[in-house]
Amino acid sequence: MNPLLYITWDFDPVAFTIGSLSVRWYGICWAVGIYLCWLVQVWLYKQDKAPEDWGDKIFTYMTIGVIVGARLGHCWFYEWHEAALLGLEPVHFLGMTFNYRNPYIEHPLWLLKVWEGGLSSHGGAMGLITAGIILNYKHFHTGIAWIFDRLVIGIAVTATLIRLGNLFNSEIYGGPTDLPWGFIFVRDGQTVPCHPTQIYEMLYCIVAGLVALWMYRRTSAKQRPGLIFGVWLLIVFVTRFLLEFIKFDQEAFEANFVLNMGQVLSIPLIIWAVWLIWHALSHDPVPIDYAKR
């Protein structure tokens, strides 16, 4: 192996400390990403001449939605462990034995231990969708497709920064590679170059965001609710599905799966994306009259 053809990655994930509190780059990436997403929404709503207070409303709802959803998603989807390792007995139900248990079901208050880490992008997506439904019902009344046609442009910025945070944490990367941009994640105990899939995911987030922005600014797509959102979902989750083939499993229970958890959770979103695109293109454009909102 040519030593010039890989990158030794030994980045300290802690940005600074305040007393006993350690502030990590990952947390900073989340905070900056959410702030930039809000700025993008404010700018887009000005282009649409939407009510001035909509930017603040979407910031509140979506911030809560993405954080709560990402936390719940991780704890539910990825925290299944062999019962013996947790000191618990397998569950017997209807003649079947379940050898995996989830400690967050046994101890729901552990969900509040956010300092121990654990956030899921699919959970964040579900949290955003839930927040969007509530926001539309209580305030916007435009339909959630309208909301997400604009929101995904800012979400692309946030998602890019979150994947940068994953890179700083030396986590969620791919298997061994001989490609010249392979990373040796020293802090995670690796000794051979691996695919820096965090960077691959940053790139597809950037592409999805730019495509959505181009559709919004240069085409009539924003008058077809769901079209921009559908295209964005398709780019992000088809690419995510394919990248999972070269990534290490996040949890041991995925080892015997034909598809890992990230792929299983991507499939419904891909199907929804196709339906959104079909529905948007098969109906006439729908201009929005904000005076009636």
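What you are looking at is a predicted structure, and each value in this text was computed from that prediction instead of being measured. Basis for what follows: all heavy atoms, side chains included, without hydrogens, waters or symmetry-related copies.
Judged by distance alone, the side chains of Tyr173 and Gln190 do bring a donor and an acceptor atom under 3.5 Å apart.
Listed by first then second residue, pairs satisfying salt bridge (charged side-chain N to carboxylate O under 4.0 Å, His left out) with a partner in residues 55-74 read Asp53-Lys57, not counting sequence neighbours.
Aromatic rings from Trp54 and Trp146 are positioned such that their centres are separated by under 6.0 Å. Aromatic pair Trp272/Phe229: ring centres closer than 6.0 Å. Between Tyr6 and Phe183, the ring centre distance reaches or exceeds 6.0 Å.
Phe16 and Val32 fall within the same hydrophobic cluster, where Ile, Leu, Val, Met, Phe, Trp and Tyr residues are linked whenever their side-chain heavy atoms come under 4.5 Å apart, directly or through other members. Under a hydrophobic clustering in which Ile, Leu, Val, Met, Phe, Trp and Tyr are joined whenever their side-chain heavy atoms come within less than 4.5 Å, directly or via other members, Ile271 and Leu281 fall into the same cluster. If you chain together hydrophobic residues whose side chains sit under 4.5 Å apart, Ile228 and Val42 fall into the same group. Under the 4.5 Å side-chain heavy-atom criterion for grouping Ile, Leu, Val, Met, Phe, Trp and Tyr, Ile206 is not connected to Trp214 through any hydrophobic cluster. The cluster map of Ile, Leu, Val, Met, Phe, Trp and Tyr, joined by side-chain heavy atoms under 4.5 Å apart, puts Leu269 and Trp275 in the same cluster.
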Leu72 and Met126: CA distance, side-chain angles, deciding distance, side chain to side chain contact (heavy atoms under 4.5 Å, CB included) verdict: CA-CA 10 Å; Leu72 290 176; Met126 294 174 188; over 6 Å; no
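Across every non-hydrogen atom of Cys194 and Gly174, the tightest pair is CB-O, 3.2 Å. Taking both residues in full, the closest heavy atoms of Gly209 and Ala156 are given as CA-CB, 3.5 Å, listed atom of the first, atom of the second, then distance. Minimum heavy-atom separation, Trp43 to Leu213: CZ3-CD1, 4.1 Å. Summarising the geometry of Leu161 relative to Cys29, their closest heavy-atom pair is O-CB, 3.2 Å, with the distance given to 0.1 Å. Among all heavy-atom pairs drawn from Asp48 and Tyr216, the shortest one is OD1-OH, 2.9 Å. Minimum interatomic distance between Pro176 and Phe248 (heavy atoms only, all atoms of both residues): CD-CZ, 4.0 Å.
In this structure, Arg240 contributes its side chain and Gln263 its backbone to no donor-acceptor pair below 3.5 Å. Here the side chain of Thr197 pairs a donor or acceptor atom with the backbone of Ile172 at under 3.5 angstrom. Formation of a donor-acceptor pair under 3.5 Å by the Thr17 side chain with backbone atoms of Gly19 is not found in this model. Checked by atom type and distance alone, the side chain of Trp232 never pairs as donor or acceptor with a backbone atom of Ile153 at under 3.5 Å. Between the Asn260 side chain and the Gly262 main chain, a donor and an acceptor come within less than 3.5 Å of each other. At least one donor-acceptor pair closer than 3.5 Å links the side chain of His283 to the backbone N or O of His279. Panel note: side chain Asn136, backbone Thr142; a donor-acceptor pair is recorded below 3.5 Å. Checked by atom type and distance alone, the side chain of Asp149 never pairs as donor or acceptor with a backbone atom of Lys222 at under 3.5 Å.
Residues satisfying the ring-ring contact (aromatic ring centres under 6.0 Å, His included) test with Phe237, not counting sequence neighbours, are His122.
Taking CD1 from Ile147 and CD from Gln41, the interatomic distance works out to 10.0 Å, rounded to the nearest 0.5 Å. Atoms CG and CD, from Leu111 and Glu79 in turn, are 10.0 Å apart once rounded to the nearest 0.5 Å. Atom CD1 in Ile155 sits 13.5 Å away from atom CG in Leu36 (nearest 0.5 Å). For the atom pair OG1 of Thr239 and CG of Leu203, the computed distance is 10.5 Å after rounding to the nearest 0.5 Å. With values rounded to the nearest 0.5 angstrom, Ile58 atom CD1 is found 9.0 Å from Leu128 atom CG. How far CG of Leu210 is from CE of Met215: 13.0 Å, rounded to the nearest 0.5 Å.
When each of Leu243, Val274, Ile270 is tested with Val238 by the rule side-chain contact (heavy atoms from CB on, under 4.5 Å), just one qualifies, namely Ile270.
Within the 4.5 Å cutoff, the side chain of Glu171 has no heavy atoms near those of the Phe185 side chain.
Under the 30°/60° scheme for interplanar angles, the aromatic rings of Tyr26 and Trp30 are found to stand perpendicular. Ring orientation note: the planes of Phe11 and Phe168 are close to parallel, at an angle under 30° on the 30°/60° scale.
Within 6.0 Å of CH2 on Trp25 lie no more than 12 heavy atoms contributed by other residues, nucleotides or ligands.
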